[in-house]
Visitor: 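The following block contains the structure, expressed as structure tokens.
What you see is a predicted model; the values in this text were computed from it and never measured.
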Amino acid sequence: MSTSPMQVSEARRFQQLRGHLSYLKLNDAAEALNRVLDQARTERMSLTAALERLLEIEVEATEARKLAARERFACLPEPWTWPTSTSPPSQASTRS
């Protein structure tokens with residue numbers, strides 16, 4: 001099984017593109033690259049549509065990371081609930 005120069009060139013271009021995305025810290029886009037390119041081939045997507053899908057994946061991941069960071073640093077109080085005891089309150093706890 002031999003590979004044609006076109007296949008080698010395409011594989012090299014894929015690795016370069018993945019490397020560029022990683023260098024730019026677009027890690028989620030780099031991870032999704034193969035899936036998006038396969039989807040573009042099977043659905044005959046335009047280059048613009050494929051690029052938009054790839055960047056959409058990165059934007060959604062970035063938004064999720066930012067939201068998680070805001071929630072972590074918001075200093076919100078811990079969630080709490082009322083006790084779920086089924087017994088009636090004792091006399092000592094109801095007297096003022």
Side-chain angles (χ1 to χ4, degrees):
M1 180 173 173
S2 71
T3 57
S4 69
M6 186 63 142
Q7 289 172 327
V8 172
S9 176
E10 187 175 339
R12 188 187 60 179
R13 210 174 269 132
F14 173 81
Q15 291 301 323
Q16 286 178 329
L17 180 55
R18 196 173 162 112
H20 292 321
L21 291 170
S22 293
Y23 179 78
L24 294 170
K25 299 188 187 305
L26 302 174
N27 298 323
D28 291 288
E31 288 177 14
L33 180 61
N34 194 32
R35 186 180 71 237
V36 170
L37 290 177
D38 287 342
Q39 181 183 18
R41 264 189 219 109
T42 58
E43 296 178 12
R44 298 180 184 246
M45 294 168 65
S46 69
L47 293 174
T48 306
L51 182 59
E52 189 275 332
R53 178 62 189 130
L54 191 63
L55 291 176
E56 178 183 23
I57 290 168
E58 185 64 38
V59 167
E60 288 172 356
T62 300
E63 287 175 344
R65 284 191 303 271
K66 286 183 177 185
L67 177 61
R70 283 195 307 268
E71 288 173 348
R72 190 171 48 249
F73 295 114
C75 298
L76 296 174
E78 289 294 319
W80 58 277
T81 59
W82 291 104
T84 57
S85 174
T86 57
S87 62
S90 66
Q91 289 291 343
S93 65
T94 58
R95 290 186 186 168
S96 301

Visitor: Which residue pairs pass the salt bridge (Lys or Arg N to Asp or Glu O under 4.0 Å) test with at least one member in residues 68-77, sequence neighbours excluded?
Guide: none
Visitor: Leu33: what forms a side chain to side chain contact (heavy atoms under 4.5 Å, CB included) with it, not counting sequence neighbours?
Guide: Phe14, Leu17, Arg18, Leu21, Leu37, Leu54
Visitor: Nearest 0.5 Å, what's the CZ-CZ distance between Arg35 and Arg53?
Guide: 6.5 Å
Visitor: Go through the structure and list residues passing side chain to side chain contact (heavy atoms under 4.5 Å, CB included) with Thr42, not counting sequence neighbours.
Guide: none
Visitor: Taking side chain to side chain donor-acceptor pair (under 3.5 Å) as the definition, give me every residue that meets it alongside Glu60, ordered by chain and number, with sequence neighbours left out.
Guide: none
Visitor: Listing request: all salt bridge (Lys or Arg N to Asp or Glu O under 4.0 Å) pairs with a residue in residues 22-31, at least two apart in sequence or in separate chains.
Guide: Asp28-Arg65
Visitor: Are Tyr23 and Leu51 connected into the same hydrophobic cluster when the rule is that any two of I, L, V, M, F, W, Y join if their side-chain heavy atoms are below 4.5 Å apart?
Guide: no
Visitor: Report the residues that fulfil side chain to side chain contact (heavy atoms under 4.5 Å, CB included) with Glu52, sequence neighbours left out, ordered by chain and then residue number.
Guide: Glu56
Visitor: Are Val36 and Leu24 linked, directly or through intermediate hydrophobic residues, by side-chain heavy-atom contacts shorter than 4.5 Å (ILVMFWY only)?
Guide: yes
Visitor: Assess whether atom CG of Leu47 is packed by more than 12 heavy atoms of other residues, nucleotides or ligands within 6.0 Å.
Guide: no
